[in-house]
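This chain uses plain numbering: 1 for the first residue, then up along the sequence.
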Amino acid sequence: MEFNLSMEQRNSIYVSNNLKIAFEISSVSSIGLLDMISKLACNNVFVDFNDIEPLISKSSFKQYYNNNNDDYNFIDMIKSPYNLDDYLNMQINIQLSKQDNKIAKYIINRIDDKGILSLPVYDISKKFKTSQKRIRNIIEKIKLLDPKGLASDSIETFLKSQTKNKNLKIIIEKYLYEVKENKIEYIASKLKIDKKEVVFLIENLKKLKPYPLYGYIEGSQNINNIFYDIIVYIRNSKVYYELNIDNNLFCINKNYYNLYLKSNGEVKKYLNKKFKEAMFYKKSLAIRDNNIRIVMDYIITKQKEFFLNNSDLKPMSMKEISKVTNISPATITRIVSNKYLSCKWGDYPLKYFFTAKAVNKNDITDKLIKEKIKKIIVNENKEDPYSDEMIRKILEKDGISITKRTITKYRNNLKIKNFRLRKKY
């Protein structure tokens, strides 16, 4: 038997568990941070989770600008999220009989993330040893809950439930692909109606809710809220911001702290470990909070005109902030990861504000070019839209040298269709 010994050199860095936690706290979103601290509170006796969730909903944030009130109190905008399961179960308990309650909850647990039930009625009736008619009646009752149409058997069924127009129902049932491809003439010939009527029907189709859980946070059980990490607002022509979650998420339990001071032996050892863990989290939260504020101060200063007037973004890099703030680029990357900002002009990931120069000879960014392409398309003649080559020539007149291929790429990034599909009849 032969033994082969070999040595292999590897470049590796040992990362302690505390450092991993610090990295995670720095990079996690506000809602993720709340989840982290709530789990910590379940496993650490020193952690008194404040159990406050100062999460501002999109609708209430927009209300601030609608009111245009400089003295608007941000506390009035605080809104706690509901849990979708709890919300639906509450409605089921009120509106359905006890006999149907169990079946309804089973159905609710089988819907997908769009609110569609793909499980056949036959399978449900077999499981509960009851008639298919009864199952269908329960499903119809579920469809009347909020949100409407929940447990529809398909997207098409849900769309048709929102209209009484016979031709629109036919389009939904048979010609959705043709709608996507903008085949107006084909649909008109099949339905034997005027092209203008088809255009009118498609416009109404676009106004329908695409699926029952549309508008709910994807992959989340929270409803009626869009969560922001930073809220930017204008007051007296100055730009201010608030963090949706600050570092005051929990406090140290006084009773256990007093017990810790008086304890000894194994109890002291156990409490000492938990106390150090709690204090490490508090320190990491304070560092996270401070770093976000440093980065936000720089963003507000650099992109002030954007927040005030929706002007074009100025070129800005993470290395630039790193040099000014003495925070490493890696730390800045973690700070801006998974963070979202809401302002008067819309909702943006923090990474949106970091832009590189697209062309060396022009102080212009990729995002600025995309915005220009978007504006050109918005203002085009809808009956004779611009091709990518025509857009290239328009940009060239503005002093922006860019290839047709790049325009196609940017247009696709903006999720804008090509000129043939944009054409309106």
Between [X] and [Y], is there a donor-acceptor pair closer than 3.5 Å when you use the side chain of the first and the backbone of the second?
{"X": "Lys339", "Y": "Ser337", "value": "yes"}
{"X": "Ser26", "Y": "Ala22", "value": "no"}
{"X": "Glu178", "Y": "Tyr186", "value": "no"}
{"X": "Asp289", "Y": "Leu285", "value": "no"}
{"X": "Lys196", "Y": "Val199", "value": "no"}
{"X": "Asn379", "Y": "Lys375", "value": "yes"}
{"X": "Asp388", "Y": "Ile407", "value": "no"}
{"X": "Arg392", "Y": "Lys404", "value": "no"}
{"X": "Lys417", "Y": "Glu181", "value": "no"}

Nearest heavy-atom neighbours spanning Leu414 and Lys370: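 Minimum heavy-atom contact is CD1-O, 3.4 Å.
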
Closest non-hydrogen atom pair between Ala151 and Ile111, with its separation: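 For Ala151 and Ile111, the tightest heavy-atom pair comes out as CA-CG2, 4.1 Å.
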
Do [X] and [Y] sit within salt-bridge range, that is, some charged N less than 4.0 Å from a carboxylate O?
{"X": "Asp297", "Y": "Arg293", "answer": "no"}
{"X": "Lys374", "Y": "Glu371", "answer": "no"}
{"X": "Asp48", "Y": "Lys254", "answer": "no"}
{"X": "Glu380", "Y": "Arg422", "answer": "yes"}
{"X": "Glu24", "Y": "Arg334", "answer": "no"}

Working for side-chain contact (heavy atoms from CB on, under 4.5 Å), residues Ile170 and Leu191: CA-CA 8 Å; Ile170 294 171; Leu191 295 181; 3.5 Å; yes

Within 45 degrees of the axis of the six-membered ring of Tyr260 and under 6.0 Å from its centre: does Lys268 put its NZ or CZ there?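 Here Lys268 passes the 6.0 Å and 45° test against Tyr260.
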
Would you verify whether the NZ or CZ of Lys274 falls within 45 degrees of the ring axis of Phe46 while also being under 6.0 Å from that six-membered ring's centre?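 No, a cation-pi geometry is absent between Lys274 and Phe46.
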
Would you list the pairs meeting ring pair (Phe, Tyr, Trp, His ring centres under 6.0 Å) in which at least one residue belongs to residues 159-183, sequence neighbours left out?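 Those involving residues 159-183 do not exist here.
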
Qualifying ring pair (Phe, Tyr, Trp, His ring centres under 6.0 Å) pairs with a residue from residues 121-145, counting only residues at least two apart or across chains: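 Qualifying pairs, neighbours excluded: Tyr106-Phe128.
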
So, Asn101 versus Lys105: side-chain donor-acceptor pair below 3.5 Å or not?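 Note: Asn101 and Lys105 side chains meet the donor-acceptor criterion.
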
Contacts of type ring pair (Phe, Tyr, Trp, His ring centres under 6.0 Å), residue Tyr281, not counting sequence neighbours: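 Residues passing ring pair (Phe, Tyr, Trp, His ring centres under 6.0 Å) with Tyr281: none at all.
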
Measure the CG-NZ distance between Leu96 and Lys141 for me, rounded to the nearest 0.5 Å.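 It comes to 5.5 Å.
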
Answer with yes or no after comparing the ring centroid distance for Tyr211 and Phe158 against a 6.0 Å cut-off, counting only values under it.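 No, too far apart.
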
Criterion side-chain contact (heavy atoms from CB on, under 4.5 Å) against Ile172, the qualifying member of Thr163, Val179, Asn165: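 Of all the options given, the one that passes is Thr163.
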
Phe353 and ring-ring contact (aromatic ring centres under 6.0 Å, His included): which single residue from Tyr298, Phe306, Tyr340 fits?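 Among Tyr298, Phe306, Tyr340, the one that satisfies the ring-ring contact (aromatic ring centres under 6.0 Å, His included) with Phe353 is Phe306.
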
Do Ile116 and Asp153 make a side-chain contact, defined as non-hydrogen atoms from C-beta onward lying under 4.5 Å apart?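 Counting from C-beta outward, Ile116 and Asp153 never come under 4.5 Å.
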
